[in-house]
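Below: the structure, in structure tokens.
A note on names: the letters A, B, ... follow the listed sequences, proteins ahead of strands, and every chain is numbered from 1.
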Amino acid sequence: MISLLRSMGLTFLHMFRKRETIQYPEEKVTLHPRWRGRIVLTRDPDMGERCVGCYLCAAACPVDCISLQATEDENGRRYPEFFRINFSRCIFCGYCEEACPTYAIQLIPDFEMAEYNRQNLVYEKEDLLINSEGKYPGYNYYKVAGLSAGIKGKGEGDNEEPPVDVHSLLP
Amino acid sequence: MAHINIDKTSYEAKEGKNLLETCLTLGFNLPYFCWHPAMGSVGACRQCAVKVFKDENDTQGRLVMSCMESVRDNMFLSVDDPVAKAFRSQNIEWLMTNHPHDCAVCDEGGSCHLQDMTVMTGHAYRRFEFKKRTYKNQYLGPFVNHEMNRCIQCYRCVRFYKDYAGGKDLDVFGAHNHVYFGRESDGVLENEFSGNLAEICPTGVFTDKTLKDHYTRKWDMTMAPSICQHCSVGCNIIAGERYGKLRQITSRFNSEVNGYFICDRGRFGYEFVNGITRVQQPVIRGAMVGGDEKRNLYDNLKTFFENLDIIGIGSPRASLEANFALRQLVGEEHFYQGISENQAGLLRILLATLNSGKVHTPSIKEIEQADAVLILGEDPTNAAPRIALALRQAVRRKPLEHAQNIKIPAWHDAALREFIQEEKGDMFIAFPVEIKLDELSSDTFFGSPDEIARFGFAIASYLNEEVVSPDGLDEATEKRAFAIAAILKNAEHPLIISGTSLGHEGIVKAACNIALAIGVQKEIGSLSLIVPECNSMGLAMMQAPALDKAFEAVQQGGVGAAIILENDLYQRAEKTDVDHFFETCRHVMVLDHLHHATTSQASLLIPVSTFAEGDGTMVSHEGRAQRFFQVFMPKNENIRESWLWLDEFRQFKNGVDPQELNEPGNLIEELVRVIPQFKGAETVSPPSDFRINGQRIPREPHRYSGRTAMLANIAVSEPKPSQDDDSPLSFTMEGYRGIPPAPLIPFFWAPGWNSVQSINKYQIEVGGPLHGGDPGRRLFIEGEMSRIDFWKMPVSQFLAESGETEIIPLTHIFGSEALSVYSAAVAERAPSPYVLISEKDAEKFDVAEHALLRLRIQTQCFDLPVKIKKELRPGLAAIPFNLPSMAGIGWPAKGILSKIEP
Ligand code: SF4
Ligand code: SF4
Ligand code: SF4
Ligand code: SF4
Ligand code: FES
């Protein structure tokens, strides 16, 4: 009996505590930078598409909700021809971001993606690609990769020797 | 058998093997780069270090390269020794100091031996802070991509390309830390096996350029075991699909057939499957019929099948099932082979010889064991490339035997090549013009097809007196024939190679006679006959009359309609004859997957699946029945296997309502019942209800990605996966994960081994047969024969009238085959039309090289640039065989050459 009254009393006292519930959507939630929400495809410092179509995010995804097709431009720079995420399947685990070798795919602190129609949760590259470097500014994969894709010539990248002269042995 | 101790456990091992192959066979994960089971060891990469101890009590031991050390009885070694492990990991770290940061954009990624070995040794973080060496790449043609930065200097590429495949234009340049693997300058890689570099190179230096156009990782492909469709060898391949498009062909190991390698026609000829010339919908007299208009289609079929006496024309590029279903539909007496009488006749000679029981058709592996080879009127490099590669190994056999006498182990490639130098075994060639294999031959006879036939008969007559020796040979030729006969007689494994490429009866009969004569002398003679297409042998075994007979039947009237199965008649016979056939026979149904001249004549056109979209069985030139499995279910429901359509038509013709058609039963079993010669063909694959632990065998690797997104753009709810009723394979990634029976291996993968090197794990012994025996079943049985009937020399096929020239068809690896030529990369390598004439004829016509000469052949006329060949007999001319731009020629052919008057 006493414990019952005590519980009711405690509950009553809560009415005077600070509210945890916020008046969403009028009031916005504070989201921290490492919050895993909406997935975006970012661009490198030169505003080129960062995604090189390596398929690692798709392979890492536990629910297999990423599908893409790599293609190449005339310089041999690889990029996704299409890039699709089915958000009705995504569990926002962040594995795709972890697997990405170019910082292209990133999860950002935004969760406002609700839709009435499930089909609208299928995002294509146009819906995913943003004009920003996202959380990791400064990185340009094609500058550190060995292959030349119109960004730098052979041997002009970071930490590279000039190309070997194959004829060096000739007299 | 020797006893060896590895890490204190005792194992049995085969003597004569090296430690590396032994450890791999025993299941150890020992990293390596430069050693290859088909090419032996050179000890270049220093990756395969293990520790070898003097005896049990030795604790110090010494590091050795396991690929360079033979198995000895009572040997003590350690794979797990900390020093050996550290050595292997440091070796990778050194290799990696210059390795580019490329995995994400590297086509090798996911099937990269370097990745696998790096993970295996545990090297994970880069400590080297200095600059990376870089290289410029080269343009190597439409097949192979070059990205030289990724090289780890294992030398496998040049060892394969130069030493194994006889290529001349790939080499290593430079020295010490800046060696370069490439061509002398940019240019197309000329060797017919260049595509194998993509599998041989353990890194991403050489990769498949056609794959690059629609790049897909290995783990993302739906794959199935398949059979190459581009020549009669029947190499085993793995075909991979993604998003409804065929993406890549790789070699599927079969120790009897192709081993580790396939040719470039087989590897890069697949793109016709994705081509725009595919037949997509049933067409009725020029009007499309959609898939849901089944009624409409069957209404039209009703009128079609009301015709009495429908004839069926089969195809050497369609499966046994398809040809048989057609034969069942039209009846045996109305079924014709869709090939010319000339070809059909050659195949009859061939079958009769093979069924004699005295002649054996060797597998590729057996060809490699031949110690004396005679090639009579055939060009294996172009007609059946994989055989040419095997012949290159065969000429090394004799010198290799000598090497064994001084106890160089069989795996020690570097020492063996040093010892052998340029020494070669015996190989003789008779062909009208120079061919690539001439560089290996001890003697080459250039002559007209008739002369070659006589030459062959002369050889046979020296081997067995019952063969009537031909007349009209000069003394020098007789002498050469005698010398060759003597060598064949004394050889342990003599081999005769011939084929139908020149379409010459005398040549085939001569080759058969030589093999029969050897068969009489040594129990069994080896004869490998190259036939034109992937299922030529299977179709011939059905023993139907040839196309010419079908034309005659139509001519005589009484044929109401014709069904043509996967065949372009304009590639089989003279244009006017085919035109005439279509004029006389008004109701023609064509089933095919590509549009061509014949499909445009069809009043009813039915779309069918290619090898990638359907199942089927084929018989290779060796008489080996092999099964290919459907790779993917085409999105277009109209595209179905020919045999499925034909069997439905049969039911429909028998009065079954279109809505109530049944799935066909097992057509191969029915075929074996009807034509017992096919006995064995029904056993080439486990039945469709075969399961392991109740599970199917998945076509997709367990890392297959995108299942819930790839079709989400169409509908967000995933469709039910396609069901496969014809095989034990599934179209999903679920199912049995272990090693499946050999005919059902959809891809090679083992834990820690993502690249093709994982084949090791599928073999009983590294480099040897697959677990459970290699797939395929030979249909010819050798046995006793009561009487030998040698073939008689036929009368000359060619009787020149004034001004006429005998035209010789020259087969080209790229261009002459009907399907691969519709693949962009192969088409790029196809020759443009030409006419080859002798020096004397060039003088006669007063033309120089490249000048145009007019060739009137049958009713057609071609203006062709001239090529002059010294060795060609005057009065002969050669043109490329079966180029799309030169169709409609009936073979054998003669023509009239004339100068084009300006
Ligand atoms: S967050 Fe997880 S579930 Fe979502 S796309 Fe990335 S890997 Fe897949
Ligand atoms: S060769 Fe292998 S390790 Fe090197 S970049 Fe390519 S995938 Fe990566
Ligand atoms: S190119 Fe490839 S095969 Fe050739 S040496 Fe380099 S890594 Fe080895
Ligand atoms: S074309 Fe012939 S030799 Fe080449 S891969 Fe195909 S079957 Fe083998
Ligand atoms: S595999 Fe033994 S040294 Fe290369």
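- Using a distance-only test at 3.5 Å, with no hydrogens or angles considered, no donor-acceptor pair links the side chain of B:Ser705 to the main chain of A:Cys61.
- For B:Tyr135, the ring-ring contact (aromatic ring centres under 6.0 Å, His included) test picks out B:Tyr180, with sequence neighbours left out.
- By the 6.0 Å contact criterion, CE on A:Met47 is enclosed, its count of non-hydrogen atoms from other residues, nucleotides or ligands being greater than 12.
- For chain B, the nearby part of A:Ile66 is the backbone; its heavy atoms alone come within less than 4.5 Å.
- Heavy atoms closer than 4.5 Å to chain B are found in both the backbone and the side chain of A:Arg118.
- For A:Glu124, the part sitting under 4.5 Å from any heavy atom of chain B is the side chain, from C-beta outward, and nothing else.
- With a 6.0 Å radius and a threshold of 12 heavy atoms from other residues, nucleotides or ligands, A:Lys152 has its NZ atom above the threshold.
- Top candidate by heavy-atom pairs under 4.5 Å with chain A, chosen from B:His99, B:Glu147, B:Lys136, is B:Glu147.
- Atom OH of B:Tyr243 has more than 12 heavy atoms from other residues, nucleotides or ligands within 6.0 Å.
- The candidate with the highest count of non-hydrogen atom pairs below 4.5 Å against chain B, out of A:Gly153, A:Cys57, A:Pro101, A:Ala59, is A:Ala59.
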Worked check of side-chain contact (heavy atoms from CB on, under 4.5 Å) between B:Gln138 and A:Val166: CA-CA 12 Å; B:Gln138 286 178 332; A:Val166 224; over 6 Å; no

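- Other residues, nucleotides and ligands place no more than 12 heavy atoms under 6.0 Å from the OH atom of A:Tyr116.
- Other residues, nucleotides and ligands contribute at most 12 non-hydrogen atoms within 6.0 Å of the CZ atom of A:Phe12.
- Other residues, nucleotides and ligands contribute over 12 non-hydrogen atoms within 6.0 Å of the CD atom of A:Glu156.
- Put simply, the side chain of A:Arg84 gets close to the backbone of B:Ala709: a donor and an acceptor are under 3.5 Å apart.
- Among residues two or more places apart in sequence or in another chain, the salt bridge (charged side-chain N to carboxylate O under 4.0 Å, His left out) test is passed with B:Arg150 by B:Asp102.
- For chain B, the nearby part of A:Ser88 is the side chain; its heavy atoms alone come within less than 4.5 Å.
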ring-ring contact (aromatic ring centres under 6.0 Å, His included) evaluation trace for A:His167 with B:Phe173: CA-CA 8 Å; A:His167 301 290; B:Phe173 301 90; 7.8 Å; no

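- Only the side chain of A:Val122 comes within less than 4.5 Å of a heavy atom in chain B; its backbone stays farther off.
- Heavy atoms only, all atoms of each residue included: B:Val716 and A:Gln119 are closest at N-OE1, 2.8 Å.
- The structure places CE of B:Met710 at 11.0 Å from CG of A:Leu68, a figure rounded to the nearest 0.5 Å.
- For B:Lys245, the salt bridge (charged side-chain N to carboxylate O under 4.0 Å, His left out) criterion is met by no residue, not counting sequence neighbours.
- When each of B:Gly109, B:Ala715, B:Ser717 is checked for heavy-atom pairs under 4.5 Å with chain A, B:Ala715 comes out on top.
- Annotation: the span from A:Lys154 atom NZ to B:Met148 atom CE amounts to 10.0 Å, rounded to 0.5 Å.
- Using a 4.5 Å heavy-atom cut-off against chain A, the contacting residues of residues 211-222 of chain B are B:Lys212, B:His214, B:Tyr215, B:Thr216, B:Arg217, B:Trp219, B:Asp220.
- Around the CG atom of A:Leu13, the shell of radius 6.0 Å holds more than 12 heavy atoms that belong to other residues, nucleotides or ligands.
- At distances below 3.5 Å, not a single donor-acceptor pair connects side-chain atoms of A:Asn86 with backbone N or O atoms of B:Ala712.
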A:Glu161 vs B:Asn98, side-chain contact (heavy atoms from CB on, under 4.5 Å): CA-CA, chis, key distance, verdict: CA-CA 10 Å; A:Glu161 307 246 16; B:Asn98 282 314; over 6 Å; no

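- With chain A as the partner, the residue from B:Ala104, B:Pro100, B:Gly174, B:Cys103 showing the most heavy-atom pairs under 4.5 Å is B:Ala104.
- In this structure the side chain of A:Tyr141 reaches within 4.5 angstrom of the side chain of B:Val105, judged on heavy atoms.
- Interface remark: B:Phe130 contributes backbone atoms only to the contact with chain A (heavy atom separation under 4.5 Å).
- The side-chain contact (heavy atoms from CB on, under 4.5 Å) with A:Asn159 is formed by just one residue from the set B:His101, B:Lys131, B:Glu129; it is B:Lys131.
- To the nearest 0.5 Å, atom CG of residue B:Asn149 and atom OG of residue A:Ser148 are 9.5 Å apart.
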